[in-house]
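Remarks on the structure that follows.
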Number of protein chains: 2
Amino acid sequence: MKEGPDIALIGSLIGDPARANMLTALMSGKALTATELATEAGVTIQTASSHLKKLEAVNIVQPQKQGRHKYFTLADEEVGSVLEAMMGLAARRGLVRTRTGPKDPALRKARTCYDHLAGEMGVFLYDGLVANGHLTDTSGEVSITQTGQRLVSEFGINLASLNSSNRPLCKSCLDWSARRSHLGGSLGVALLSRFHELGWARRDKASRAVIFSENGERSFREVFA
Amino acid sequence: MKEGPDIALIGSLIGDPARANMLTALMSGKALTATELATEAGVTIQTASSHLKKLEAVNIVQPQKQGRHKYFTLADEEVGSVLEAMMGLAARRGLVRTRTGPKDPALRKARTCYDHLAGEMGVFLYDGLVANGHLTDTSGEVSITQTGQRLVSEFGINLASLNSSNRPLCKSCLDWSARRSHLGGSLGVALLSRFHELGWARRDKASRAVIFSENGERSFREVFA
DNA sequence: CTCATGGTTCGTTTATGATCGAACTATGAA
DNA sequence: TTCATAGTTCGATCATAAACGAACCATGAG
């Protein structure tokens, strides 16, 4: 009837609680099997199967058979961005599913939020950058200052290549465990991967937890205090 | 049950066809009355009222009473971004509501896509920039080259201020009338408003059409050919 | 081969929510 | 005041789709 892409279809696909749970679980970036997703969503495996079929049909998730398992991931980066944007919108309006954050202390301390650092350490990083005048946050619009650019470059990140990317450089992302902001955007991603490079942190294989070594955490707190 | 913002709620809100139609109509940036939105969505005014109430409750639309009319706009920039992202996702998957683009020739030629230029002229602009090596588009990741930066600066746009914004600088946005890419992102916005400043184009009050003057179109085609 | 486990398909039940008619309130015009 | 238009509320109807039990196919282990 009207012009335009069928926004309603993807909306309704994401709009079902079971599917939303599955997609949220897949935001970790890990590949999950159909049964894992079923328990994540709290439905039987039959229902999960039908949901996944629908998501697959419009290319929101990407299946991959491996033996008798079928692993699912988000189809591409764009799907992740849309989900991230929707989560931001929901969080900023206080629409959280439950008031309790992650129970696992490790998750509460440091975890990945899609692809950047969240949890207490993520909030620490963000607050430190703002407090020292490396970032400015004026009503949600986050930008990097001169001194911030210097700091980041010295830390071994090539800002120029980030700038040209498709993604915003800086983005405040509301943390739904801490209810505080942390740093997303391409800079957030770059920082996290730099932490991995430096051996400061590694990603837990079984969850979204990010585990800092003792030395890593000390250095982290020194640089960004 | 699970951690995280209630992505399902906004999903289902956007997921209803009637509401999706209304929101799409509001993407023009204009304030529309309840009855206008009802006819846009193809439902009676009662149903529209109940839909708008729901959208209002979670702060997706912003009402404003004026006499006996009630005008609605999108609540903020963030809502627009989410919708834009979802439209991109849908369009890239070929999920268009109808195969026919806008019937109005003016709309087909040039119109606003939220806040940047779309339609044939938008596609012309994008293609020109890419063909002359001012933009590079590698699998959806769009970035501006050295010569592109020079061109844009000479055209009177302050790139530095755009770079620090929350939004990606360059973004390819699929045009659902032409099924071709045009330029979104903060650069796309800046270009369109520069066209207005220069008197090349004006926005039609009654629709999303962008109307170029004769001289404006000639200059436009010279610069970006 | 048999058995166990992972996933799919089918059919039925059930609940949610979109829709609209009818009756209502509110603003403005004559 | 009366009339008209804009919007809301309520209630009843109806359709869609989520959920699951049961039976099915596919892969791997012994």
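In what follows, chains carry the letters A, B, and so on, assigned in the order in which the sequence lines appear, proteins first and then strands, with residues in each chain numbered from 1.
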Using nucleotides 12-14 of chain C, report all nitrogen or oxygen pairs with the protein that are shorter than 3.5 Å.
none

Query raised in the report: What residues form a side chain to side chain donor-acceptor pair (under 3.5 Å) with B:Asn59, not counting sequence neighbours?
Result: none
Query - Contacts of type side chain to side chain donor-acceptor pair (under 3.5 Å), residue B:Thr47, not counting sequence neighbours - result: B:Thr44
Query raised in the report: Tell me, for nucleotides 9-24 of chain D in 5' to 3' order, what letter each nucleotide earns: B for a base near a protein heavy atom under 4.0 Å, S for only sugar-phosphate near one, - for neither?
Result: B--------SBSBB--
Query - All ring-ring contact (aromatic ring centres under 6.0 Å, His included) counterparts of A:Tyr71, not counting sequence neighbours - result: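 With neighbours one apart ignored, the set is empty.
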Euclidean distance, atom [atom1] of residue [X] to atom [atom2] of [N] [Å, nearest integer]:
X	N	atom1	atom2	answer
A:His69	D:dT27	NE2	P	13 Å
B:Ile14	C:dG17	CD1	P	16 Å
B:Leu52	D:dA6	CG	C1'	13 Å

For a quick test of your reading: what N or O donor-acceptor pairs under 3.5 Å do the side chains of residues 7-17 of chain B make, sequence neighbours left out?
{"residue": "B:Ser12", "atom": "OG", "partner": "B:Ala8", "partner atom": "O", "Å": "3.3"}
{"residue": "B:Ser12", "atom": "OG", "partner": "B:Leu9", "partner atom": "O", "Å": "2.9"}
{"residue": "B:Asp16", "atom": "OD2", "partner": "B:Ala18", "partner atom": "N", "Å": "3.0"}
{"residue": "B:Asp16", "atom": "OD2", "partner": "B:Arg19", "partner atom": "N", "Å": "3.2"}

[X]: side-chain contact (heavy atoms from CB on, under 4.5 Å) partners, not counting sequence neighbours:
X	answer
B:Ala190	B:Ile157, B:Leu162
A:Thr35	A:Thr33, A:Ile45
A:Glu56	A:Val61, A:Pro63, A:Lys70, A:Phe72
B:Thr73	B:Ala31, B:Gln62

Report task. Rounded to the nearest 0.5 Å, what's the gap from OG on A:Ser219 to CZ on A:Phe212? Could you check? Result ->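 Interatomic distance, A:Ser219 OG to A:Phe212 CZ, rounded to 0.5 Å: 10.0 Å.
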Report task. Hey, could you give me each pair passing salt bridge (Lys or Arg N to Asp or Glu O under 4.0 Å) that has a residue in residues 186-200 of chain B? Not counting sequence neighbours. Result -> B:Arg194-B:Glu197
Any N/O pairs under 3.5 Å between the protein and nucleotides 24-30 of chain C? List them or say none.
{"residue": "C:dT27", "atom": "O2", "partner": "B:Arg68", "partner atom": "NH1", "Å": "3.4"}

